Number of protein chains: 2
Amino acid sequence: MTTLSDTLFQSTLGSIYSGELPPGAEVNEAVLAERFGVSRGPVREAVRRLQGIGLVSREPYMRAMVVSLSPGEVRELFEMREALEGMACRLAALRMSDADLDRFAADLESARLARQDAGPHAPAPSDFDFHERIIVASGNGRIAATLCGDLYHLLRVYRRRSGAVRERSDEAHAEHWQILRALRARDGELAESLMRAHVARASRQVTQRLREMDGA
Amino acid sequence: MTTLSDTLFQSTLGSIYSGELPPGAEVNEAVLAERFGVSRGPVREAVRRLQGIGLVSREPYMRAMVVSLSPGEVRELFEMREALEGMACRLAALRMSDADLDRFAADLESARLARQDAGPHAPAPSDFDFHERIIVASGNGRIAATLCGDLYHLLRVYRRRSGAVRERSDEAHAEHWQILRALRARDGELAESLMRAHVARASRQVTQRLREMDGA
DNA sequence: TTCTGCCAAAGTGTCAACACAATGACCGTT
DNA sequence: AACGGTCATTGTGTTGACACTTTGGCAGAA
């Protein structure tokens with residue numbers, strides 16, 4: 001069973017992702033209610049949920065707005081991701097089965113081949129799949145929910161904004177294999193370090209892009 | 001300005017902390033609404049916020065319940081806290097000013113003296129103060145909000161439940177000084193390791209207590 | 001006795017209207 | 001012309017009623 005507020009939550013999330021509601025845009029309950037042909041009640045709940053995951057900021061009696069992250073806040077986001085995804089990687093090294101790791105390796109290689117065939121302009125779902133696989137395999141549902149939920153939502157908006165997605169795909173792939181080797185060696189310490197470095201590099205790229213955009 | 005749903009959120013949080021609403025208890029919108037003399041609307045929002053921070057679980061059309069964490073989920077909580085608080089400690093080592101560190105050391109010592117004077121049965125706010133100070137000093141508002149908000153709320157319920165608060169106060173104090181020394185040495189790496197070990201020890205104590213309680 | 005299907009009770013989801021706070025324009029004063 | 005106060009407008013907070021879903025018990029059949 002899915003309620004109206006669920007639907008509205010998803011739809012509004014989509015509007016934010018697509019840029020239809022860019023950072024800083026006002027979120028008017030009545031407007032949303034009319035657009036979707038429902039009353040304001042479910043809209044309120046959806047907006048509150050968006051506020052809960054940090055995508056919308058709101059004060060009592062003030063208009064709600066799509067959050068507009070400063071470069072510093074983007075940095076904070078990546079620091080948090082670095083900590084959590086590093087820990088997830090360490091846990092995965094201890095908890096993934098050998099069979100899981102073999103399947104993982106096979107999927108990683110076939111994803112690379114598929115991307116190569118499709119050319120450089122195809123959508124690249126494989127990057128997040130790599131991270132998501134490890135996160136889920138960590139066996140820590142709470143970390144997974146945070147990384148794949150709140151943080152992912154926010155980072156997704158700013159990755160799109162900065163266009164910093166494609167660039168590093170070759171280096172990223174090499175780093176992914178390095179991490180995978182650490183997982184297979186059951187070296188949690190190393191796997192954590194590698195993942196943290198990997199995330200930190202992505203962070204540097206995005207923040208640099210944002211600075212350039214600010215300057216331009 | 002504070003709205004009704006804000007008030008209800010805080011009050012219900014208090015009811016959960018105090019044990020009046022223990023883990024597993026049903027959260028009935030109409031009952032809460034009548035108790036506080038308001039309509040169901042603000043109650044719904046408050047319950048949704050509690051759901052948002054993970055203190056209440058809810059499915060459409062199902063009664064809401066105060067979450068009842070399994071020992072495994074408590075472990076997950078501590079793993080996440082270890083990762084985040086470790087990172088916060090590393091950042092604090094890089095970002096705290098010398099003056100901050102001096103004040104911090106003085107406060108830590110005076111808190112110990114106060115606790116010694118008050119005897120072993122006085123409330124011990126100093127433990128969390130230590131952690132909170134470092135977390136805030138990390139300069140990462142997002143990590144701070146997570147640790148001092150969501151995670152703290154949940155851990156607080158289970159620390160109370162397990163009664164594992166007082167026990168380690170002497171060891172904990174020694175570990176706190178060790179961490180402080182690392183901060184003053186500006187050794188982020190070491191500070192992070194020490195904090196992670198410190199949290200991990202607390203985790204082991206709480207999970208062991210919970211197991212004992214389960215057995216008894 | 002046990003199982004199945006139905007029914008009433010309880011509880012949540014949704015709605016439309018009303019109450020209150022904030023914003024911005026208008027007007028009189030200095 | 002610039003400043004400060006007043007008021008309509010806009011939008012959020014709150015309410016009570018109605019619609020829908022779930023739940024638990026009851027009656028009847030196997």
Side-chain angles (χ1 to χ4, degrees), chain A residues 1-16 19-69 145 149 153, chain B residues 1-16 19-69 145 149 153:
Chain A
M1 188 66 209
T2 154
T3 67
L4 275 182
S5 39
D6 271 332
T7 311
L8 288 167
F9 175 73
Q10 294 296 340
S11 300
T12 310
L13 207 55
S15 296
I16 294 176
E20 187 186 347
L21 286 174
E26 285 187 6
V27 180
N28 185 316
E29 293 178 0
V31 169
L32 281 178
E34 184 168 11
R35 175 189 306 182
F36 290 99
V38 299
S39 89
R40 274 179 48 220
V43 173
R44 280 176 72 82
E45 296 203 357
V47 173
R48 290 320 194 295
R49 284 181 60 184
L50 290 171
Q51 179 188 11
I53 66 173
L55 267 177
V56 160
S57 69
R58 231 179 40 80
E59 304 265 338
Y61 289 107
M62 301 290 198
R63 312 199 215 319
M65 284 179 21
V66 179
V67 292
S68 183
L69 295 184
H153 291 316
Chain B
M1 188 67 210
T2 154
T3 68
L4 277 181
S5 37
D6 270 331
T7 311
L8 288 167
F9 175 73
Q10 295 296 341
S11 300
T12 311
L13 206 55
S15 297
I16 294 177
E20 187 186 346
L21 286 174
E26 285 187 5
V27 180
N28 185 319
E29 294 178 1
V31 170
L32 282 178
E34 185 168 11
R35 174 190 306 182
F36 290 99
V38 299
S39 87
R40 272 180 48 221
V43 174
R44 280 177 71 82
E45 296 203 359
V47 173
R48 291 319 194 293
R49 285 180 61 184
L50 290 171
Q51 179 188 9
I53 67 173
L55 267 177
V56 159
S57 70
R58 233 177 40 80
E59 304 265 337
Y61 290 107
M62 301 291 199
R63 313 198 209 329
M65 284 178 23
V66 179
V67 291
S68 182
L69 294 185
H153 291 317

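Please read these numbers as outputs of a predicted model, since none were measured by experiment. Letters A, B, ... are given to chains in the order of the sequence lines, protein chains preceding strands, and every chain is numbered from 1.
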C:dG13 phosphate, OP1 or OP2: any side-chain N/O from A:Ser5 under 4.0 angstrom?
no
Return a table of donor-acceptor pairs under 3.5 angstrom between the side chains of residues 49-58 of chain B and protein atoms on other chains or two or more places apart.
residue	atom	partner	partner atom	Å
B:Arg49	NH1	B:Asp6	OD1	2.6
B:Gln51	OE1	B:Arg58	NE	3.4

Donor-acceptor contacts under 3.5 Å from residues 27-36 of chain B side chains, at least two apart:
residue	atom	partner	partner atom	Å
B:Asn28	OD1	B:Ala30	N	2.8
B:Asn28	OD1	B:Val31	N	3.3
B:Glu29	OE1	B:Arg40	NE	3.2
B:Glu29	OE1	B:Arg40	NH2	3.1
B:Glu29	OE2	B:Arg44	NH1	3.4
B:Arg35	NH1	B:Glu20	OE2	3.2

Nearest whole angstrom, please: distance from the P of D:dT23 to the CZ of B:Arg63.
7 Å
Could you list the residues that satisfy side chain to side chain contact (heavy atoms under 4.5 Å, CB included) with A:Leu4, not counting sequence neighbours?
A:Val38, A:Pro42
Going by side chain to side chain contact (heavy atoms under 4.5 Å, CB included), name the residues that satisfy it together with A:Ala25, two or more places apart in sequence or in a different chain.
A:Leu21, A:Pro22, A:Val66
In whole angstrom, what separates B:Phe9's CZ from D:dG13's C1'?
18 Å
Sugar-phosphate only, base, or nothing, as touched by A:Val27 at under 4.0 Å among non-hydrogen atoms:
sugar-phosphate
Please determine whether side-chain contact (heavy atoms from CB on, under 4.5 Å) holds for the pair B:Gln10 and B:Thr7, giving the CA-CA distance in whole Å, both sets of side-chain angles, and the decisive distance to 0.1 Å.
CA-CA 5 Å; B:Gln10 295 296 341; B:Thr7 311; 6.0 Å; no
Restricting both atoms to N or O, compile the protein contacts to nucleotides 15-17 of chain C shorter than 3.5 Å, with distance only.
residue	atom	partner	partner atom	Å
C:dC15	OP2	A:Ser39	N	3.0
C:dC15	OP2	A:Ser39	OG	3.4

What is the distance from CD of A:Glu29 to P of C:dT14, rounded to the nearest Å?
15 Å
Whole angstrom is fine here: how far is it from CG in B:Leu8 over to C1' in D:dG13?
12 Å
To the nearest 0.5 Å, atom CD of A:Glu26 lies from atom CZ of A:Arg63 at 5.0 Å
Sorted by number, the residues of residues 43-62 of chain A with heavy-atom contact under 4.0 Å to DNA chain D:
A:Arg44, A:Arg48, A:Arg58, A:Pro60, A:Tyr61, A:Met62
Once salt bridge (Lys or Arg N to Asp or Glu O under 4.0 Å) is applied, do any residues pair with A:Glu59, and if so which ones, sequence neighbours excluded?
none
Do A:Arg48 and B:Glu45 have side-chain heavy atoms sitting under 4.5 Å apart?
yes
Rounded to the nearest Å, what distance is computed from the CG atom of residue A:Asn28 to the P atom of nucleotide D:dT9?
17 Å
